[in-house]
Amino acid sequence: LRIGAKGVHAERLSHDPEHWEDVRQDPLNHNKISIRYLHEVITMGEYAMENVSRLNIPFLLIHGDADEITSHKASEELVANISGTAKLKIWEGLRHELHNEFEQKEVFRYVKDWILGLQL
């Protein structure tokens, strides 16, 4: 988790200026996190990395390589340690909220195709 001194700003979420404005106007959004929340994110992230090998169901993880909030390299490491069927898709040039990027239809199509292709 990468949080700068200025917190998480709308511009780090996606490339869409309209979305940035929506985020800024939403009274439930802010650019601060508590120390407790940060502690929980780090603790649960460590837990996930240590226990991901126990996951034995199909798993899709998608991540933008321009994400300034979380590390796509950590996603690569996580998927590399899954014992079950895992798929990682790194989206070149996309930021944290893939569903709010201009390429969102392509992202949704990719997820849909992955789900429809599952062999359960």
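If you're wondering where the values come from, they're calculated on a predicted model, not measured in any experiment.
- Side-chain contact between Phe102 and Ser14 is absent, with no heavy atoms from C-beta onward closer than 4.5 Å.
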From CA spacing to verdict: side-chain hydrogen bond (donor to acceptor under 3.5 Å, both in side chains), Thr70, His63
CA-CA 9 Å; Thr70 59; His63 207 129; 3.2 Å; yes
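- Using a distance-only test at 3.5 Å, with no hydrogens or angles considered, a donor-acceptor pair links the side chain of Asn81 to the main chain of Glu77.
- Leu13 places none of its side-chain heavy atoms less than 4.5 Å from the side chain of Asn100.
- Within the 4.5 Å cutoff, no side-chain heavy atoms of Arg24 are placed close to those of Asn29.
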Might you work through the side-chain hydrogen bond (donor to acceptor under 3.5 Å, both in side chains) test for His19 and Glu97, ending with a clear yes or no?
CA-CA 10 Å; His19 178 60; Glu97 292 184 355; 2.6 Å; yes
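- Two different hydrophobic clusters hold Trp20 and Ile69 under the rule that ILVMFWY side chains link at heavy-atom gaps under 4.5 Å.
- Other residues sharing the hydrophobic cluster of Leu61, ordered by chain and number and joined by side-chain separations under 4.5 Å: Met49, Val52, Leu55, Ile57, Phe59, Leu78, Val79, Ile82, Leu88, Ile90.
- Taking a 6.0 Å sphere around CD1 of Ile35, one finds it holds 12 or fewer heavy atoms contributed by other residues, nucleotides or ligands.
- Within the 4.5 Å cutoff, the side chain of Phe108 has heavy atoms near those of the His99 side chain.
- Atom CG of Leu60 sits about 12.0 Å away from atom OG1 of Thr85, to the nearest 0.5 Å.
- By the 4.5 Å heavy-atom criterion applied to side chains, Leu94 and Asp65 are not counted as neighbours.
- Using a 4.5 Å heavy-atom threshold, the side chains of Gln25 and Glu21 count as touching.
- No side-chain heavy atom of Arg95 sits under 4.5 Å from any side-chain heavy atom of Asp67.
- The side chain to side chain donor-acceptor pair (under 3.5 Å) analysis of residues 103-113, with sequence neighbours excluded, yields no pairs.
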Please report the C-alpha distance between Glu68 and His96 in whole Å, then the side-chain angles of each, then the deciding distance to 0.1 Å, and finally whether the side-chain hydrogen bond (donor to acceptor under 3.5 Å, both in side chains) criterion is met.
CA-CA 7 Å; Glu68 297 180 49; His96 188 69; over 6 Å; no
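- Rounding to the nearest 0.5 Å gives a distance of 14.0 Å between NZ of Lys89 and OG of Ser75.
- A side chain to side chain donor-acceptor pair (under 3.5 Å) check over residues 51-61, counting only residues at least two apart or in different chains, returns the pairs Asn51-Arg54.
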